[in-house]
Amino acid sequence: MSLENPRTHYTSQIDPEKIGDEKVTVCGWVHEVRDLGGICFVVVRDREGKAQITLVKKKIDKEIFDAARKLVRESVVAVTGSAKPEGKAPNGYEIIPEEIVVLNEAESPLPMDTTGKVDAELDTRLDSRFIDLRREKTTAIFKIRHEVLRAVRNFLSDEGFIETSSPKVVATATEGGTSLFPITYFDREAFLNQSPQLFKQILMSGGLDRVFEIGPIFRAEEHDTRRHLNEATSIDIEASFVDHFDVMEILENMIAYVYEQVIENESASLENLGIELEVPKTPFMKVPYSEAIDIVNAKGEEMIEWGGDLGTVAEHTIGEHVFEETGESHYFITDWPTEIKPFYAMPYENDPLISKSFDMMHRTMELSSGAQRVHLHDMLKERIESQGLNPDGFEFYLRAFKYGMPPHSGWGVGCERLVMTMLGVENIRDTVLFPRDRRRLSP
RNA sequence: GUCCGAAUAGUGUAGAGGCCUAUCAUGGAGCCCUGUCGAGGCUCCGACCCGGGUUCGAAUCCCGGUUCGGGCGCCA
């Protein structure tokens, strides 16, 4: 079973150098109709670009000419005709149609403009995401997001990581700290998972050695900023028999590789967005926490005592400092106070006040956090207790540490933040097709 | 959560108590036009977030609500 007018080409696949008078069918949306009287141009748009359909009144059947003039913008059409090289046409070729089939006519007026002539606010765009995606700049972001994820999978697979999936419905809080969304699971209460953290660690006990997961995470925090989502995509790894320095190296190499791949495979999308991407130079600068607070305190705008967390302003101060010194946007903050990191971060043996933990930062925000983990059962149980959590809720997790858990390390990267910082997108919602924030639950 | 700001045709905007029968662009309807590529020209269509108040008079000032945006917080 097939459609009557199967597509033969994306608009981008018609090469003016190679075609002579080739019969093609393109399928897409009516982007624009420019009726000049004796000649009419119809621009058809598909995922990969646009094609000009040219109808000269004197040379073409009256019926098809009149039908073309009356096409409603954003209607879905299949156009069959001959593709000819034409210097005056936008892509170097134009299609002289034999048949224009309207597969589905669009209503009018449209919820927003698709041509780039009139801006729309993010809220308007998200309400009508189906139309927003017809804008080339929006499509470009999601093509790049795809390339980012493809590159991550390639890179990690080549590094010997196995892709895994952990449950999103869980019985108890996995890490404490952040709030969870409660749900009903048959006759019990359950939660949406905030992170694959505990599960990927259990897999280390299982001997999978190196795993990664790309999946949704849920945070019930009532935050309300340009860089937070309540449903986000996390890129997580966990690796056995390695320390935090090893996984930092994997992380910085992965970031550089992702940038390379995007430049190589999505140059058209980058150009569309007006972005000239530079591959971050590795290794990334490592700033120990104690130096980081010195940088902030030296500026004198705020004073952070040792053990305090870094706020947004402090992060920016450090980011600017690193950027001025290195010209690079990416860096690590290492050796955090054990107290302000999760219970699974391994304290240094010779100085247990600090931990083998790190955050990987872009100068505008945090992108990743990771650590060498506590792999010793008794120490882990103690750390859980010392953070005010009840070890009973972690029995499923702690058991995995009793029967041969190797030393291991890992990290998690926020996919949306990676795309956001790469493209200089101002609002994280622009990097998710259907973002979930405190207010938005639909579409 | 908190502070600041905003809300006008489908979309994006102008507007500082009477000049508003509300600006402009885009869009829609129609006419003219043979190489457009943000086509052009002419005609027409389409809006002041909701509820109170002040005033002779409110899009404009005040109060409350709703929604949106930005900073910070929380958080990754």
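Chain identifiers are assigned alphabetically (A, B, ...) following the order of the sequence lines, protein sequences preceding nucleic acid strands; residue numbering begins at 1 within each chain.
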Touch check for [X], heavy atoms < 4.0 angstrom, all strands: base, sugar-phosphate only, or nothing?
X	result
A/Glu94	base
A/Pro111	sugar-phosphate
A/Leu229	base
A/Lys58	base
A/Gly311	sugar-phosphate

*Rounded to the nearest 0.5 Å, how far apart are CG of A/Leu367 and CE of A/Met420?*
10.0 Å
Starting at [atom1] of [X] and ending at [atom2] of [N], how long is that distance when rounded to a whole Å?
X	N	atom1	atom2	result
A/Asp35	B/rG38	CG	P	18 Å
A/Arg219	B/rG73	CZ	P	18 Å
A/Ile53	B/rU34	CD1	C1'	18 Å
A/Arg73	B/rU11	CZ	C1'	10 Å
A/Glu121	B/rU11	CD	P	10 Å
A/Arg440	B/rG69	CZ	P	8 Å
A/Glu136	B/rG38	CD	C1'	13 Å
A/Glu302	B/rG73	CD	P	8 Å

Does [X] pair with [Y] as a salt bridge, N-O distance under 4.0 Å?
X	Y	result
A/Glu147	A/Arg145	no
A/Glu320	A/Lys299	no
A/Lys286	A/Asp335	no

Taking the [atom1] atom in each of [N] and [M], what is the distance between them to the nearest angstrom?
N	M	atom1	answer
B/rG71	B/rG18	C1'	39 Å
B/rG70	B/rG57	P	40 Å
B/rC24	B/rU67	C1'	26 Å
B/rG51	B/rU8	P	16 Å
B/rG27	B/rU21	C1'	23 Å
B/rC45	B/rA39	P	25 Å
B/rC20	B/rC48	C1'	10 Å
B/rC56	B/rG65	C1'	29 Å

Using Watson-Crick or G-U wobble geometry with both distances under 3.5 Å, which nucleotide pairs with [N]?
N	answer
B/rU2	B/rG71
B/rU43	B/rA29
B/rA14	none

*Does the base of B/rU36 carry an N or O that pairs as donor and acceptor with the side chain of A/Gln52 under 3.5 Å?*
yes
Of the options [options], whose atoms approach the side-chain atoms of [X] most closely?
X	options	result
A/Leu36	B/rC74, B/rU36, B/rG12	B/rU36
A/His228	B/rC75, B/rC72, B/rU36	B/rC75
A/Thr124	B/rU11, B/rG70, B/rC74	B/rU11
A/Lys88	B/rA25, B/rG35, B/rC72	B/rG35
A/Arg226	B/rG70, B/rC72, B/rG73	B/rG70
A/Pro109	B/rG27, B/rG71, B/rU11	B/rG27

*Within the side chain of A/Trp411, is there an N or O that forms a donor-acceptor pair under 3.5 Å with the backbone of A/Met248?*
no
Taking only side-chain N and O atoms of [X], does any of them lie within less than 4.0 angstrom of OP1 or OP2 on [N]?
X	N	result
A/Lys117	B/rG27	yes
A/Asn427	B/rG70	yes
A/Thr225	B/rG71	no

*Report the residue (A/Val56 or A/Asp309) whose heavy-atom-nearest nucleotide on RNA chain B is the more 5′ of the two.*
A/Val56
_Most 5' of A/Lys70 and A/Thr312 on RNA chain B, judged by nearest nucleotide_ = A/Lys70
*Kindly indicate whether a cation-pi arrangement holds for A/Arg7 with A/Tyr10, taking the cut-offs as under 6.0 Å to the six-membered ring centre and within 45° of the axis.*
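Yes.
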_A/Thr8, A/Val24, A/Asn91 screened by side-chain contact (heavy atoms from CB on, under 4.5 Å) with A/Ile14, the one that passes_ =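 With A/Ile14 as partner, side-chain contact (heavy atoms from CB on, under 4.5 Å) holds for just one option, A/Val24.
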*Specify the closest pair of heavy atoms between A/Thr364 and A/His316, including all atoms of both residues, with the distance to one decimal.*
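Result for this residue pair: O-NE2, 3.1 Å.
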